[in-house]
Amino acid sequence: MKEIEDILKSENIKYNEPMSKHTSFKVGGPAEIFTYIDSISDLKKVLDLCKEKKLPITIVGNGSNLLVSDEGIKGVVIKYTANEIKIDRKNGKVVCSGGVINSVLAMQLKESELSGFEFAASIPGTIAGAIYMNAGAFGSEMKDIVNYVKYIDISTGEMITLHNNKLEFGYRKSIFEKINGVIVETEMQLHHDDKANIENKMIQYKEKRLESQPLEYPSAGSTFKRGEDFISAKLIDEAGLKGYTIGGAQVSTKHAGFIVNTGNATAKDILELIEYVKKVVYDKFNKKLEIEVKII
Ligand SMILES: Cc1cc2nc3c(=O)[nH]c(=O)nc-3n(C[C@H](O)[C@H](O)[C@H](O)COP(=O)(O)OP(=O)(O)OC[C@H]3O[C@@H](n4cnc5c(N)ncnc54)[C@H](O)[C@@H]3O)c2cc1C
């Protein structure tokens, strides 16, 4: 589309871009127009253009919690990649852009001897994705450290700031499920600790993941949310589903909560397997599994 080429550099626009390149599951058909946008001004211009042309918009982060259909995505996909990090060591605060990668931020916070973000160091996504999902691990979640979030409202182009108490953080969810917005910035509150302590925590967490998770295969992490009174992975395991395979999609033999792509899975394989697992668990235990992965 000619007009978008007047806003973004040509290397930041990809036509018919396979979403399998942008998701940790490594599945997903082509995005009609895939864009990397690294500034608020370009973001606003692209949003205006999409509005004018009535093009549907899909926002993605690092694609580590996404299952994109084999048919792909119509319209414009926006990956917001601004990655500025400003650390105020004295007050234990960090302000960063939505496109910052969690592991990159974690390393910088460690160097500044600021603690509180270690849990997210090996969650393979962006800060914006972590806020949207209220990502969490090892007893901590984004809601524990976020002070405020700034987002651009997609329909008005306005920048809006929401403080923690307005973000409706819950288990793997936030107000952004209900808002049509692009998360562009956040401030987080951390606390001082020794670099060695921070590093040790990060190493321990990483080792725990390596022990228990099938990181050698593409996946989107836990496929299902934890239930209110049950652990989804435990029920899937007890239902004898570890290793159950449809096409290239498999219930991990290492961690029943993960569906993995054994090499040539399609989104259809994964969706069928999700439905099968839900059905078996419901029939056996009368419990409804809810998926954590976002389906596009
Ligand atoms: C191996 C593995 C381990 C994992 N472990 C964990 C874990 O321990 N804990 C955990 O919580 N999750 C875990 N996950 C899931 C995933 O990493 C997190 O949900 C992560 O926070 C998603 O971030 P992302 O940038 O990849 O977002 P994406 O997957 O790209 O997107 C997730 C959602 O956020 C929205 N979004 C992304 N960016 C923006 C933006 N700028 N503005 C508005 N909306 C946006 C998308 O539209 C989508 O709805 C794991 C995944 C993998 C593959």
Side-chain angles (χ1 to χ4, degrees), residues 19 22-28 31 34-38 40 43 47 56-68 73 77-83 96-105 117-144 146 149-154 159-160 162 167 169-186 205-206 208-210 212-226 233 252 254-255 257-261 291-296:
M19 285 304 294
H22 300 279
T23 59
S24 56
F25 251 139
K26 307 226 174 297
V27 303
F34 186 96
T35 61
Y36 298 94
I37 300 184
D38 61 7
I40 290 175
L43 175 63
L47 292 177
I57 297 167
T58 304
I59 312 296
V60 302
N62 218 24
S64 63
N65 204 40
L66 299 182
L67 176 54
V68 178
I73 307 178
V77 174
I78 294 177
K79 176 163 174 157
Y80 187 66
T81 54
N83 59 2
C96 65
S97 315
V100 169
I101 298 290
N102 298 334
S103 57
V104 171
L105 178 62
F117 192 72
E118 297 90 327
F119 76 92
S122 40
I123 297 180
T126 59
I127 288 296
I131 289 167
Y132 185 105
M133 295 301 303
N134 185 23
F138 309 109
S140 300
E141 295 178 315
M142 293 302 286
K143 81 163 172 24
D144 305 328
V146 166
V149 175
K150 289 188 178 179
Y151 72 95
I152 304 291
D153 184 300
I154 290 181
M159 164 111 74
I160 297 171
L162 289 180
L167 287 164
F169 280 130
Y171 173 57
R172 299 297 168 267
K173 65 178 182 188
S174 70
I175 196 167
F176 292 102
E177 282 188 351
K178 297 193 267 176
I179 284 178
N180 207 9
V182 184
I183 297 165
V184 292
E185 187 185 297
T186 186
Y205 292 162
K206 197 166 185 181
K208 281 194 184 154
R209 279 180 191 276
L210 282 168
S212 63
Q213 300 182 353
L215 301 180
E216 62 281 26
Y217 289 107
S219 79
S222 296
T223 313
F224 302 97
K225 290 188 178 187
R226 202 177 50 220
S252 163
K254 191 168 178 184
H255 187 313
F258 278 54
I259 287 180
V260 296
N261 176 356
I291 55 170
E292 180 173 324
V293 171
K294 297 285 171 203
I295 297 173
I296 299 183

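Order of appearance sets the numbers: ligands from 1, and atoms from 1 within every ligand.
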Counting only non-hydrogen atoms and a 4.0 Å cut-off, the residues near ligand 1 are Ser24, Ile59, Val60, Gly61, Asn62, Gly63, Ser64, Asn65, Leu66, Ile123, Pro124, Gly125, Thr126, Ala128, Gly129, Ala130, Tyr132, Met133, Ala135, Gly136, Ala137, Arg172, Gly181, Val182, Ile183, Arg209, Gln213, Leu215, Ser219, Ala220, Gly221, Lys294
By ring pair (Phe, Tyr, Trp, His ring centres under 6.0 Å), Tyr151 pairs with (sequence neighbours left out) Phe176
Residues at least two apart in sequence or cross-chain that pass side-chain contact (heavy atoms from CB on, under 4.5 Å) with Phe138, listed by chain then number, are Tyr205, Lys208, Arg209
Sequence neighbours excluded, the answer for side-chain contact (heavy atoms from CB on, under 4.5 Å) partners of Thr35 is Ile4, Leu8, Ile33, Ile37, Val76, Ile78
ask   = Does the pair Glu177 and Lys294 meet the rule for a salt bridge (charged side-chain N to carboxylate O under 4.0 Å, His left out), with working shown?
value = CA-CA 10 Å; Glu177 282 188 351; Lys294 297 285 171 203; 2.9 Å; yes
Report task. Give a yes or no on whether the ring-centroid distance for Phe34 and Tyr36 is below 6.0 angstrom. Result -> yes
Regarding Glu141 and Arg172, does a basic nitrogen lie under 4.0 Å from an acidic carboxylate oxygen? yes
